[in-house]
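Just below is one structure, and these are the notes that go with it.
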Amino acid sequence: ANGGGGGRSGSIVAPPLLTQDEDFQKIDVNPPKGTRDFPPEDMRLRNWLFNHFKEVSRLFGYEEVDFPVLETEALFLRKAGEEIRDQLYCFEDRGNRRVALRPELTPSLARLVIQKGKSVSLPLKWFAVGQCWRYERMTRGRRREHYQWNMDIIGVPQVTAEAELISSIVTFFKRIGITASDVGFKVSSRKVLQELLTKYGVTEDMFGRVCIIIDKIEKIPIDEIKKELGFTGISEDAIEQLLQVLSVKSLDDLEDILGGAGEAIADLKQLFSLAEKFGYSEWIQFDASVVRGLAYYTGIVFEGFDRKGKLRAICGGGRYDRLLSTYGGDDIPACGFGFGDAVIVELLKEKDLLPELGQEVENIVCALDKDLQGAAATVATALRDKGQTVDLVLESKPLKWVFKRAARVNARRLVLVGKTEWEDGSVSVKVLSSGEQFQVKLSDLE
Ligand SMILES: Nc1ccc(Br)nc1
């Protein structure tokens, strides 16, 4: 075996073939740090969750899309100091290209919309469920991948778009047994900050950075927040005023501060009015401190939270009217949300709402002797052609073993192919719940 990469032509140097003793190297059977396997019982829960994500999306008339997990790094190189940027899973590929495992789906969605350009008619209503990545020093032992459900509306400037997105998440929660007593949505608008910062003379290019600092308000000491805000050029007095406004908990109080002429108040009033019409008023509350941790939001922002305050944000989203133009696309308004697969499972555990999802199969088919293995295959195929699920016993096994497996795979029926019955074109069927047993012609088996 070639012990090295030497003597190979071409620019790419392939890794050396394994030398003889390396062929039998014991490997670590665990998945890479921060990643998960999905053995059957976990995959059943994941499919249950994702099916609800996708069924709700289709209920709302959205079309499914997907994108490569691997993107050019440039798609995510925003300069606002976001955690998502600091933890980018980026590297240089074998063609010396700077690439990254996507940390979120929205930039890819924006890229595809721009790519499609005039070939798609607006508005677009798209959804996706995709794996997203971050590279975090494992000091904190946190995961490096999760799956995110996204729904996005492209091309609708009105707040009806955000109102519909929140309605879709409420629909999802209701389907899995979560109520407005369990979770709520904190809603605000970045236009609140925009109007305040303009008043304080903060330039537009600082807006994203200020939002990212404010988003950390409950995560780091307030003095650190004030210090970081100071670096953006906001005066100490303005910082005090700003933090004061962000503690406001009612739209009326906010209106008293901002005045009723601005877009922030108009948008929020419209959203709360629409919430009434969609029937989810009890799920949402105004909270001026909500800014979300992504620099590209420009208007309404919202996040789902557990009312017991034990968990991290369940989901979050908002309006991002400038993102497409920052990628060189047209100025197309957009809004959307991301909903991760981790916190929701913790919430379901908390509420004892995890579904019981055992394996299920309708039939286990078994030949009573090895000469009938072919006959058993015929029986299995006949049942499968009728849409019946079949676990076919593939080797000669004692009946005791077959009954044990039938119980383990939770089979409804045991179909036995025996010599005498098969000569008559029949099989023996045992309904495992009742013990009822009968002979039936294969042609009549259903
Ligand atoms: N953005 C992001 C990606 C992966 C995980 Br786990 N958390 C956040």
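For reference, positions follow the sequence shown, starting with 1. One-based numbering, in listed order, for ligands and for the atoms of each. Keep in mind the model is a prediction, meaning the values are calculated, not measured.
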Pairing of R78 and E104 as salt bridge, 4.0 angstrom limit: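 Here R78 pairs with E104 in a salt bridge, since their nearest N and O are under 4.0 Å apart.
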Short side-chain to backbone donor-acceptor contact, R307 and V183, under 3.5 Å: yes
Positive for salt bridge (Lys or Arg N to Asp or Glu O under 4.0 Å) with K216, one of E83, E82, E228: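 Going through E83, E82, E228 one by one, the salt bridge (Lys or Arg N to Asp or Glu O under 4.0 Å) with K216 is satisfied by E228 alone.
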Heavy-atom cut-off of under 4.0 Å around ligand 1: list whichever protein residues fall inside it, by chain and number.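 Lining ligand 1 at under 4.0 Å, by heavy atoms, one finds I84, P103, C132, W133, R134, R143, R144, E145, H146.
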Sequence neighbours excluded and cut-off under 3.5 Å, please list the side-chain donor-acceptor pairs for residues 236-243, or say none.
unit_1: D237; atom_1: OD2; unit_2: Q241; atom_2: NE2; d: 3.1
unit_1: E240; atom_1: OE2; unit_2: K226; atom_2: NZ; d: 3.0
unit_1: Q241; atom_1: OE1; unit_2: Y200; atom_2: OH; d: 3.4

Set of residues satisfying side-chain hydrogen bond (donor to acceptor under 3.5 Å, both in side chains) with respect to D385, sequence neighbours excluded: none
List for me each residue that meets ring pair (Phe, Tyr, Trp, His ring centres under 6.0 Å) alongside H146, sequence neighbours excluded, and say none if there are none. none
